[in-house]
Amino acid sequence: MPDFNDDLRLAHILADAADAATMERFKSLDLKVETKPDMTPVSEADKRAEELIRGQLGRARPRDAVLGEEYGTEGSGPRRWIVDPIDGTKNYVRGVPVWATLIALMVRGEHGDEGVVGVVSAPALGRRWWAAKGGGAYTGRSLASATRLRVSQVGRLEDASFAYSSLSGWEEQGRLDGFLDLTRSCWRTRAYGDFWPYMMVAEGAVDICAEPELSLWDMAANEVIVREAGGRFTSLDGTPGPYGGNAAASNGMLHEEMLAYLNRL
């Protein structure tokens, strides 16, 4: 199996640079925020963080392609970095500390692109999570000071904790009834939102989570970490990986039951 440790170390360096840039502007009274064509906000910190990551990748991995939320696709080839400079921009601009920089590396193989490195760094929470293919998933302050992640062993939906982002997307897709039935069947539900539910699935603190509408940069890093922690990450139709435009993640034991509820139309 290829060793992606050098790429993982680089991803940590990229996350360090992004953390410094985003924390410098977090809660700034003069933070500049614009509205993108899709009506979502983007701040100067989003742009600066992605620029820093792209600049370092250009020097360290000049042959690799990059896909970022703010500046699109650059380059081509079998290796591609996927970057979300601030996942949770709405939280960021309001001073809510639940946001993170998401960095992933995908490598082309026989069955398409596969996530092989994922780093999720949430500096306002003082948390970072990461994984590399075949090496397991971890959380901690650094590569040298880390705790291995493992999903929960909860095997019954009535004992499960379910995390989600909001109700509106499920309603827009006509999936609200199934979603509500799922919430009623679970022991506990909480709307943590964005990257955090997936990290809690990887930690074993939450058992299942799902979102109805996402982009690749929202999912690529999360998918690697959940998978390496022993969980499952699919689209709502059950296709493995982060390509379906939506996501469901679990400890594996509850996955099919969760999907059955969410696909009740």
Side-chain angles (χ1 to χ4, degrees), residues 2-25 32-89 92-93 99-123 128-133 194-195 198 213-225 233 235 241-247:
D3 184 340
F4 296 102
N5 287 334
D6 286 346
D7 294 306
L8 179 60
R9 282 190 285 269
L10 174 59
H12 276 273
I13 293 170
L14 300 174
D16 289 342
D19 286 356
T22 53
M23 286 301 291
E24 181 181 5
R25 299 299 290 152
K32 295 175 182 170
V33 183
E34 304 169 11
T35 300
K36 295 191 286 188
D38 64 0
M39 302 307 294
T40 61
V42 58
S43 75
E44 62 183 90
D46 292 79
K47 295 179 178 180
R48 178 60 178 152
E50 187 167 324
E51 288 165 358
L52 286 170
I53 292 170
R54 285 177 179 269
Q56 291 199 28
L57 282 173
R59 293 186 291 274
R61 298 289 190 274
R63 296 182 180 180
D64 292 356
V66 182
L67 168 65
E69 180 176 9
E70 307 308 336
Y71 294 105
T73 298
E74 180 180 357
S76 60
R79 289 167 47 96
R80 181 170 60 152
W81 295 85
I82 314 296
V83 178
D84 189 343
I86 299 180
D87 182 52
T89 298
Y92 183 88
V93 302
W99 49 270
T101 295
L102 278 53
I103 301 168
L105 173 62
M106 306 195 82
V107 174
R108 192 168 304 149
E110 292 182 18
H111 306 292
D113 289 356
E114 179 186 19
V116 296
V117 167
V119 171
V120 172
S121 191
R128 183 176 290 186
W129 304 261
W130 64 87
K133 181 181 178 181
D194 301 306
F195 68 94
Y198 303 96
E213 188 173 2
L214 294 167
S215 298
L216 179 59
W217 49 75
D218 298 311
M219 297 184 279
N222 296 336
E223 188 268 342
V224 181
I225 295 168
F233 190 110
S235 59
Y243 289 105
N246 47 49

_Step-by-step side chain to side chain contact (heavy atoms under 4.5 Å, CB included) determination, Val119 to Arg128_ = CA-CA 7 Å; Val119 171; Arg128 183 176 290 186; 4.2 Å; yes
*Start with the C-alpha distance between Arg80 and Leu105, add both sets of side-chain angles, then the distance that settles side chain to side chain contact (heavy atoms under 4.5 Å, CB included), and finish with yes or no.*
CA-CA 6 Å; Arg80 181 170 60 152; Leu105 173 62; 5.8 Å; no
*After noting the C-alpha distance and the side-chain angles of Trp81 and Leu10, does the key distance pass the side chain to side chain contact (heavy atoms under 4.5 Å, CB included) rule?*
CA-CA 11 Å; Trp81 295 85; Leu10 174 59; 4.0 Å; yes
*Step by step, would you call Ile13 with Gln56 a side chain to side chain contact (heavy atoms under 4.5 Å, CB included)?*
CA-CA 9 Å; Ile13 293 170; Gln56 291 199 28; 3.4 Å; yes
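Taken from OG in Ser215 to CD1 in Ile82, the straight-line distance is 11.0 Å, to the nearest 0.5 Å. Taken to the nearest 0.5 Å, the CG atom of Asp64 stands 4.0 Å off from the CZ atom of Arg79. Atom CZ of Arg54 and atom CG of Leu52 lie 12.0 Å apart (nearest 0.5 Å). To the nearest 0.5 angstrom, Ile103 atom CD1 is 15.5 Å from Trp217 atom CH2. Atom-to-atom distance recorded for Asp194:CG and Tyr92:OH is 14.5 Å, nearest 0.5 angstrom. Here the CD atom belonging to Glu44 is positioned 9.5 Å from the CD atom belonging to Glu34, to the nearest 0.5 angstrom.
Within the 3.5 Å criterion, the main-chain N or O of Ser43 finds a donor-acceptor partner in the side chain of Asp46. Remark: side-chain polar atoms of Asp87 are not paired, donor with acceptor, to backbone N or O of Asp84 under 3.5 angstrom. Within the 3.5 Å criterion, the main-chain N or O of Gly109 finds no donor-acceptor partner in the side chain of Asp113. Side chain of Thr22 to backbone of Ala45: no donor-acceptor contact under 3.5 angstrom is found. Here the side chain of Arg108 pairs a donor or acceptor atom with the backbone of Gly77 at under 3.5 angstrom.
Applying the side-chain hydrogen bond (donor to acceptor under 3.5 Å, both in side chains) test to Tyr71 and every residue at least two apart in sequence or in another chain returns Glu51. Residues that satisfy the side-chain hydrogen bond (donor to acceptor under 3.5 Å, both in side chains) test with Arg48, not counting sequence neighbours, are absent from this structure.
The shortest heavy-atom contact between Ala15 and Ser121 is CB-CB, 4.0 Å. The minimum heavy-atom distance between Gly68 and Glu50, with the atom names listed, is CA-OE2, 3.4 Å. Heavy-atom minimum distance, Ala65 versus Ser76: CB-N, 3.7 Å. Closest approach of Glu223 and Pro242 over heavy atoms only: CG-CD, 4.1 Å. The heavy-atom pair separating Leu214 from Ala247 by the smallest distance is CD1-CB, 3.6 Å. Heavy atoms only, all atoms of each residue included: Leu216 and Met106 are closest at CD1-SD, 4.3 Å.
Under the 30°/60° scheme for interplanar angles, the aromatic rings of His12 and Trp130 are found to stand perpendicular. Using cut-offs of 30° and 60° for the angle between ring planes, the Tyr198 and Phe233 rings count as tilted.
At a threshold of 4.5 Å between non-hydrogen side-chain atoms, the residues Ile86 and Glu69 do not count as touching. Side-chain contact between Thr89 and Val42 is absent, with no heavy atoms from C-beta onward closer than 4.5 Å. No side-chain heavy atom of Val66 sits under 4.5 Å from any side-chain heavy atom of Thr73.
No more than 12 heavy atoms of other residues, nucleotides or ligands shown are found within 6.0 angstrom of CD on Glu213.
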